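Atoms considered below: every heavy atom in the structure, side chains included; atoms not considered: hydrogens, waters and symmetry mates. Lettering follows sequence order; numbering is per chain, from 1. Only a predicted model underlies this, so the values are computations on that prediction, with no experimental measurement involved.
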Amino acid sequence: MEVDREDGRSQNQLRPLACSRSILHRAHGSASWSQGDTKVLAAVYGPRAGTKKNENPEKACIEVIWKPKTGQIGKLEKEYEMILKRTLQSICILTVNPNTTTSVMIQVVNDDGALLPSAINAACMALVDAGIPMRHLAVAICCCVARSGLVILDPTKLEEQKMKAFAYLVFPNLVHSVLPEGSPSVQGEPIENGIITSVTHGTMSVDDYFYCLERGRAASTKLSDFLRRNLQQQPTNSSKAG
Amino acid sequence: MVTYREDGSSEVQLGQTRVMGIVTAQLVQPYRDRPKEGMLSIFTEFSPMADPSFEPGRPGELAVELGRIIDRGLRESRAVDTESLCILAGKFVWAVRIDIHILDNGGNLVDAANIAALAALLTFRRPECSLGGEDGQEVIVHPPEIREPLPLMVHHLPIAITFGFFSNESILLIDPTHNEEAVMNGRMTTTVNANGDICAIQKGGGEGVPQRVIMQCLQLATSKAASITKQIKDAVEAFNTERALRKIKRHPTSTGVDVREKQNQYTCNIPVSLEHFKSKTEVVITRTRKHYPLNMAA
């Protein structure tokens, strides 16, 4: 069953991706990520000395600040901050710099659907730009289930509003997922089959969810390629501490 | 209350400083003592992204001062015509909200934020509305697909130019960078427009300067304002022609495909140099020290 998407994409087609790093001068690391019309700017400062009050001082701490395009900061922004913080905590190596804080700031430049995945991708690139030690990279994607039962990737804002349910999925992106031979495995299953984060809105059946996962994973390989290529092309600038 | 997202958004790069301005509008009830005027409010967000010393949360005194300078330039000089924002006197007026996001602090945030606000205001379009209902007391807001949204009425463009003073060698600097701001003894921001009118002057404390230096600053500011006004207008022109071209691509006759009109982001890079002046007050030597390209993405 083919569905007509407004911009003429097929079910599994992502919007055009654009990414640039080191765009801000004061921040230690910065990146801008855009998927179609959705554009997010991420900046990273750190590591800075000291951790927040309730955090474990034996590990590095990650702090996320989310700035919406317009309006007051509300619960939705706090939720995004929390999800982003947990996701980034799982990909960074926290034991390298204990008792430090790394701050990640996200600024929404334009929201046209799939905002949280774009932000996660931007944050990941900004962390690489800042040189924060990470276990592996992360790629995020949004899959939604239409009322007809069809699964669509990377919706625009209008499409998101018409969907029955959608899920933001974050997959790990290891070096080995690009090279075909040999990948580290966890309990017999390769690591890149795992999920770091999954956030769903609306109701969908279990089968639909697993189908989303499959589609998402397939698309995430394309995203990982793009990310890796982008990282290899642009050499990072010299250190801008201070 | 319904918020309309006919956004005017602009991004300004002044050297290393980067500022984003976003304009939105909402229909509200007017103030009691001004039933025929719309409202204009400016919100400045000093994001910790721009500078590690900025704290998130409540705006600090720098943010408030910046907001006040821009507000004074726009409101009191009547640059934006608030009476045209009135739909139904005493009941419905447009409240225009300008959000300024500081992305990168390379110094001289006031000037950059001012330009961002002006550029965003010039590209902003508000939906057209008409009076209807039984007694003409209801306001019908037309969505952008049905009726063309209208621009705001902006009479003139007040441009802020900031000067820095150094006491040791009686040096005057225009457009201080972040490092210069840290060591300078005094600052003054003048808001002038291309017609030569002085809209506002702000000099808060700091080093005392003789009167002739102030006059010199004002003359410099007036000449700079003319060139900056021209650059802003060129960028807005280019954006408007691009938007008009995009509209021509609409095909209302094709069935089943609803082509959405995109009026938002458009990147337009017009590199212009904002010259750096350094003149000693005893001997007039004009030396252009650095060139800062002014990139406008509106």
Side-chain angles (χ1 to χ4, degrees), chain A residues 4-8 18 20 22-32 34 36-49 63-73 77-78 81 101-112 122-123 126 156-159 162 240-242, chain B residues 3-5 7-11 13-26 41 43 45-58 96-107 109 120 177-179 182 255-260 262-267 295 297:
Chain A
D4 280 323
R5 298 179 79 170
E6 277 184 10
D7 41 10
S20 42
S22 298
I23 39 183
L24 298 179
H25 296 96
R26 299 298 303 283
H28 297 153
S30 56
S32 132
S34 60
D37 275 338
T38 302
K39 188 164 175 211
V40 178
L41 189 61
V44 171
Y45 280 95
R48 277 189 278 191
E63 175 198 12
V64 179
I65 299 174
W66 180 290
K67 293 259 176 207
K69 186 174 177 185
T70 181
Q72 303 276 24
I73 296 188
E77 283 77 32
K78 291 285 175 201
E81 282 178 12
T101 305
T102 303
S103 314
V104 180
M105 286 90 173
I106 306 280
Q107 170 73 53
V108 177
V109 178
N110 196 24
D111 178 13
D112 190 30
T156 60
K157 201 164 184 82
L158 285 184
E159 289 174 346
K162 290 188 235 165
K240 349 179 221 310
Chain B
T3 314
Y4 291 90
R5 309 214 79 227
D7 289 356
S9 84
S10 69
E11 205 175 299
Q13 180 123 13
L14 189 68
Q16 291 194 349
T17 303
R18 199 171 158 133
V19 177
M20 186 167 75
I22 307 213
V23 175
T24 47
Q26 210 176 343
S41 49
F43 289 84
E45 298 248 358
F46 270 38
S47 164
M49 184 186 279
D51 194 310
S53 60
F54 292 161
E55 298 286 318
R58 284 181 57 89
V96 176
R97 177 192 164 120
I98 307 177
D99 281 284
I100 309 253
H101 296 285
I102 314 279
L103 302 174
D104 209 359
N105 181 12
L109 293 173
T177 65
H178 157 77
N179 293 332
T255 51
V257 178
D258 183 23
V259 179
R260 219 162 20 101
K262 294 191 195 110
Q263 287 194 356
N264 299 0
Q265 306 283 350
Y266 165 69
T267 313
N295 284 328

Which heavy-atom pair separates A43(A) from M49(B) by the least distance, and what is that distance? CB-CG, 3.2 Å
What's the shortest heavy-atom distance between I22(B) and K69(A), and which atoms? CD1-CG, 3.1 Å
Between atom CE of M105(A) and atom CZ of F54(B), what is the distance when rounded to the nearest 0.5 Å? 11.0 Å
Give the C-alpha distance, both sets of side-chain angles, the deciding distance and a yes or no for side-chain contact (heavy atoms from CB on, under 4.5 Å) between H178(B) and H25(A). CA-CA 11 Å; H178(B) 157 77; H25(A) 296 96; over 6 Å; no
Give me the atom names and distance for the closest heavy-atom approach of R26(A) to P52(B). NH2-CD, 4.1 Å
So CG of D104(B) and OG of S30(A): to nearest 0.5 Å the spacing works out to 7.5 Å
P48(B) and Y45(A): which non-hydrogen atoms are nearest, and at how many Å? O-CE1, 3.2 Å
Kindly give the heavy-atom pair with the smallest separation between M20(B) and V109(A), and that separation in Å. SD-CG1, 3.8 Å
Which residues pass the side-chain hydrogen bond (donor to acceptor under 3.5 Å, both in side chains) test with D99(B), not counting sequence neighbours? T70(A), R97(B)
Examine whether an atom of L41(A) lies under 4.5 Å from a heavy atom of chain B, and if so say whether it belongs to the side chain, the backbone or both; otherwise answer neither. both
Among the options R48(A), K39(A), K67(A), pick out the one with the most heavy-atom pairs lying under 4.5 Å from chain B. K67(A)
